[in-house]
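Single-structure report; data block below.
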Amino acid sequence: MKTYFIGDLQGCHAQTVELIERIQAAADGPYRLLFAGDLINRGPASLTTLRHVHALAQQGLADSVLGNHDLHLLAVANGIRPEHASDTLTEILDAPDRDELITWLRQRPLALQRQGHVLVHAGLLPQWSATQALSLSEEVSTMLRSDGWVAFLRNMYGNEPAAWRDDLQGADRLRCIVNAMTRLRFCTPDGVMDFKMKESGSAPPGSGLLPWFDVPGRRSAGDTVVFGHWSALGLQLRPELIGLDSGCVWGGKLSAVCLEDRSLLQVDCPAFQRHSGKQ
């Protein structure tokens, strides 16, 4: 069986269908799809896209990690956050199968491991090994699957603590994990997260910031980390790193990479959104 990692869909359903058709042809046999999160929002068909991925998951053909837009939907659905002007979530919120879709979504993990590859939406803090990151992901999943999941969402937002400590507890601990795995792009060499830089693939000279994956001594470097979230960075294919957000919703491409042979499949996408400073 071949496994394909797929970048941020963001509600671009026609392109999702086209890419999966290309995967089916290339796989020429059994396959499994692993999505890098942000299944919905900003694109034109969030409900249809979410239903499609959910149906594939029910058939045992797919799974996904949670992205920041997926968590935003959970918060909006529970009255914790308002909809943004650029959101395309109303059709999900009004759908007759809304509760089924939201229940499935909140049961998705923040990180998945397959054959030496760790899939996460945004990134891993340099202090974390892959094993630790998977354990921390499970801490958040346990809360999201519990009866206290709405209370967890109420405490999820904020930029602090910006640095990881093993002795973090409660809401601070879970917020730090969520921020790293769903929002991280840049951090300092000692792992302090920065959330101001949103539209660039490189930090300003003299800022002291680095892409999280370029921090010297990063403990997850022995595993291949697969991530999305960073459209300004674009496709990244390195020996131990795969960056899959190639800007589908912004008029770029929707990308998939095969785990077994590193083959790349892409489809072109129209520009459904213009950059607003928050990607």
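Keep in mind that the numbers below use all heavy atoms, side chains included, and drop hydrogens, waters and symmetry copies.
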Self-check item: Residues Asn159 and Arg175: side-chain donor-acceptor under 3.5 angstrom
Solution: no

Quiz item: Under 3.5 Å, is there a donor-acceptor pair between the Asn68 and His121 side chains?
Solution: yes

Practice problem: Spell out, yes or no, whether Ile6 and Ile242 are grouped together once hydrophobic residues are joined by side-chain heavy atoms under 4.5 Å, including indirect joins. | Solution: no

Quiz item: Do the charged groups of Asp70 and Arg108 touch, with an N to O distance under 4.0 Å?
Solution: no

Practice problem: Take His69 and Asp87 through the side-chain hydrogen bond (donor to acceptor under 3.5 Å, both in side chains) test and state the conclusion after the steps. | Solution: CA-CA 9 Å; His69 284 279; Asp87 284 349; 5.2 Å; no

Quiz item: Can we say Lys196 and Asp194 salt-bridge, meaning some charged N sits less than 4.0 Å from an Asp/Glu carboxylate O?
Solution: no

Exercise. Using a strict 4.0 Å threshold on nitrogen-to-oxygen distance, state whether Asp223 and Arg218 make a salt bridge.
Key: no

Exercise. Check whether Leu124 and Met193 end up in the same hydrophobic cluster, where Ile, Leu, Val, Met, Phe, Trp and Tyr are linked by side-chain heavy atoms less than 4.5 Å apart.
Key: yes

Quiz item: Would one find more than 12 heavy atoms of other residues, nucleotides or ligands at under 6.0 Å from atom CD of Gln58?
Solution: yes

Exercise. Please check if any side-chain donor atom of Asp268 sits under 3.5 Å from a side-chain acceptor atom of Gln15, or the reverse.
Key: no

Quiz item: Step by step, would you call Glu83 with Thr90 a side-chain hydrogen bond (donor to acceptor under 3.5 Å, both in side chains)?
Solution: CA-CA 9 Å; Glu83 287 190 73; Thr90 301; 3.2 Å; yes

Self-check item: Aromatic plane relationship, Trp230 with Phe213 - under 30° parallel, 30 to 60° tilted, over 60° perpendicular
Solution: tilted

